[in-house]
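See structure below.
Each chain gets a letter, A, B and so on, in the order the sequences are listed, and its residues count up from 1. The model shown is predicted, which means the values in this text are computed figures rather than measured ones.
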Amino acid sequence: LLLLWTFCEWPELLVSNSQREIWKWWEEEPKYEDSIKWMSLRHNGPAFPPPYERLPDNIKFYYNGEIVTLNSEAEEVASLYAKMLYHELTRDETFCKNFFTDWKDAMSPEVKDVIAALDQCDFREMAAYYKRKKTNEKVQQEFGYFFLDGHKQRIGNSPSRGKLKKKILPEDVTINCSEKEIPEPLPGCSWGQVQHNSAVIWLASWKESPPGKLKYMMPHANSKLMGERDWKKYEVARRLKHHRDHIQEQYRKDWDSEDKSLQQRGVVLYLIDKFALRVGNKTKEGMMANTFGCCSLRVKHVTLHEDHKGETKKLEFNFMGKSSILDKKMVPVEEKVFRNLQLFKEEKGERGEADLFDHVNPQVLNTYLKGLTKGLTTKVFRTHIASITMEQELKNLTHHIKDKVSSFNEANRKVAELCNHQRTKPALHWFELQVTIEASRDELSLSKKKLEQAMQGSSTEELKNDVKRKDDELRELGVNSSMEENKQLNLNSSKLYYIDPRIIVAWCIKWGVPVEKIYTKAQRDKFAWAIHMNDENFEF
DNA sequence: AGCCAGACTTGGAAGAATTTTC
DNA sequence: GAAAATTCTTCCAAGTCTGGCT
């Protein structure tokens, strides 16, 4: 009976995704123009977290060992801190200072009188309580989907996210949907705005309070709207092969140009075309993280090396790229590029902080490229080069050293290296490390003791090995803690954003490798269009 | 012509789930 | 059978690029 009742309540949601029929949108004829993204768009809007619930009576907050009852608002803010009590950040002085200031604003005068220092606060009971509490899956069921032209589709980012920022209310949210399908806001609330703009694909948007940046509720990567764009992206990147010769010819001419902006454009385009650099827009001058791309490179980021015979010209990049990932590599360049760069550096009097390419910017570049072929922008080069490289690497794989999947990963690794996709092996935090080292040292001395005791007897071989192993372990801990060389390549980004999935599908068919070995479930959903095309002869 | 809000794309890290190892 | 290692998913920050404004 219970089952039946549940079934009636959520008939569609009980059918798991794998059992559902897939909407093969890629087999359909386009029903409307490119500029129109949808005919009907229905969804429930973002989910809002329920109003704050007070702590149960048995969970207490202590100040200086005494129980203190916080007013509701102060308790709510305290709960945010309690939830991350064991996080490294709570040992950060600035973090604590900022939090304490904001927290005080939420306190009633009486409470404020009592609480004078953060380090006298005991959040441990609260922290334990929240750790037990589980998030509610029902929210995902009700709000995790939208309907595009009658088809059910998953929503991408979770609408209820956003930690310490100001709470988002329905009044802050703009809804984008079909005319007659406006979602219900929370009782007693109304939406900030409702629009019916079929030229865009987002479902809801709002301004995030401290940074003032726009946030969007977008369709999931496996939805038609996202898949269609992805497909189109790879088609544009594919078409670049028909224009690359001409582009190269053109920029070679520009190297000799009298016009400084043409000359710089030529060199920049060469670097992007050869080394798959990002274009390098101006980054928002937030207090920290000065990052760079091709157009924004400074003089100090590029070092020129000429070997003693003056035969090979090399360029050394050394700069912080997107997400503050270090891009450091030595690459050979053509003579004229080398001379031009020398010139650009000299012009700035070798001042390290000066912009290396002061006569070009991303807009200029993109305007030029768009004139060459529709849809061409600088980022297309990265996609193109990555896909071409992968295709070539896979073609070169005539035999498999270990197994097919390992060979595949080798090819993938080349692409990741090219795109400079890194991943930092999470280093143990300092104090965790101390604890680990301590424990490791104890184990070692214990084993040594055992060995000594056993020396008189026989069969000490095993114990000797044990000591040796533990000694090595301890030594390794010391090495790892000294950090550096913790950088590893991350193959996921190139696989998800740069390599045309049809190249991979074709390879899988050719070598009889199940696609499941290469793409995870989520990735197969994202690339469903390519997998279903099932084209063994696909050539990028 | 330069600037910036708006709308997407791309990225590594954290956290969850799963597999492997001891 | 638990802990450790690895893999996968989610999260949301950090990029790109367009087009409208001044």
Side-chain angles (χ1 to χ4, degrees), chain A residues 35 37 84 87-89 134-135 140 144 154-165 174 176 195 197 199-203 205-208 211-222 225-226 228-230 232-234 236 261 272 277-284 286 288-296 320-326 361-367 369-370 375-383 386 405 409 416 419-427 436 469 473 487-498 516-526:
Chain A
S35 55
K37 307 293 167 34
M84 54 193 304
H87 192 279
E88 185 75 8
L89 269 174
K134 275 274 166 193
T135 42
Q140 160 78 337
R154 261 230 280 167
I155 293 169
N157 46 11
S158 155
S160 54
R161 67 210 168 124
K163 290 180 197 168
L164 285 152
K165 283 142 191 161
T174 303
N176 190 42
Q195 61 166 55
N197 181 1
V200 296
I201 65 174
W202 52 266
L203 313 181
S205 70
W206 60 89
K207 274 230 169 80
E208 203 147 65
K213 252 192 88 180
L214 262 170
K215 289 279 177 180
Y216 298 92
M217 189 165 133
M218 290 288 217
H220 194 264
N222 67 16
L225 287 170
M226 297 304 254
E228 226 168 27
R229 282 165 170 271
D230 214 27
K232 204 166 286 172
K233 173 185 87 182
Y234 288 114
V236 172
S261 47
I272 287 172
L277 300 185
R278 296 188 189 86
V279 68
N281 276 293
K282 287 246 179 317
T283 50
K284 279 263 182 290
M288 294 242 289
N290 237 354
T291 58
F292 303 87
C294 197
C295 287
S296 56
M320 291 289 207
K322 180 176 177 179
S323 304
S324 298
I325 297 297
L326 184 67
N361 63 49
Q363 286 97 313
V364 167
L365 232 53
N366 284 334
T367 310
L369 292 172
K370 222 162 26 135
L376 184 60
T377 62
T378 45
K379 86 182 185 63
V380 175
F381 284 83
R382 257 169 96 77
T383 318
V405 175
N409 287 337
C419 296
N420 195 40
H421 288 144
Q422 298 184 3
R423 141 180 99 91
T424 313
K425 205 170 148 196
T436 318
R469 187 170 51 82
E473 270 174 18
K487 295 283 183 196
Q488 289 178 13
L489 286 175
N490 144 32
L491 310 196
N492 245 9
S493 294
S494 50
K495 209 184 200 178
L496 273 171
Y497 306 117
Y498 287 103
E516 295 77 36
K517 295 265 186 233
I518 304 293
Y519 284 132
T520 68
K521 174 78 176 70
Q523 292 168 345
R524 294 197 299 279
D525 286 347
K526 171 175 166 145

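- Legend: residues meeting ring pair (Phe, Tyr, Trp, His ring centres under 6.0 Å) with A/Y497, ordered by chain and number and at least two apart, are absent.
- Within the nucleic acid shown, A/G293 has no heavy atom closer than 4.0 Å to any nucleic acid atom.
- For A/K282 and B/dG2, the NZ to C1' distance is 10 Å, given to the nearest whole Å.
- Between the CG atom of A/N492 and the C1' atom of C/dC11 there is a distance of 14 Å, rounded to whole Å.
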Worksheet item: How does each nucleotide of nucleotides 6-12 of chain B score, in 5' to 3' order, for protein heavy atoms under 4.0 Å: base (B), sugar-phosphate only (S), or none (-)?
Response: SBBSBBS

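- Regarding A/L277, its CG atom lies at a distance of 15 Å from the P atom of C/dG15, rounded to whole Å.
- Rounded to whole angstrom, the span from the CD atom of A/E516 across to the C1' atom of B/dT19 amounts to 18 Å.
- Rounded to the nearest 0.5 Å, atoms CZ (A/R278) and OG (A/S296) are 11.0 Å apart.
- Atom P of nucleotide C/dT9 and atom CZ of A/R524 are separated by 8 Å, given to the nearest angstrom.
- If you measure from atom CG of A/N366 to atom P of B/dG2, you get 15 Å, rounded to the nearest angstrom.
- Spacing between atom CE of A/M320 and atom P of C/dA14 amounts to 13 Å, rounded to whole angstrom units.
- A/F292 meets the ring pair (Phe, Tyr, Trp, His ring centres under 6.0 Å) test with A/H301; sequence neighbours excluded.
- Judged as a side chain to side chain contact (heavy atoms under 4.5 Å, CB included), and not counting sequence neighbours, the contacts of A/V380 are A/V236, A/A237, A/L240, A/L376, A/T377.
- Here the C1' atom of nucleotide C/dG20 and the CD atom of A/Q363 are 13 Å apart, to the nearest Å.
- A/K370 comes within 4.0 angstrom of the backbone, heavy atoms only, and of no base.
- With sequence neighbours left out, the ring pair (Phe, Tyr, Trp, His ring centres under 6.0 Å) criterion links A/F381 to no other residue.
- A search for side-chain hydrogen bond (donor to acceptor under 3.5 Å, both in side chains) contacts involving A/D230 returns A/K233, not counting sequence neighbours.
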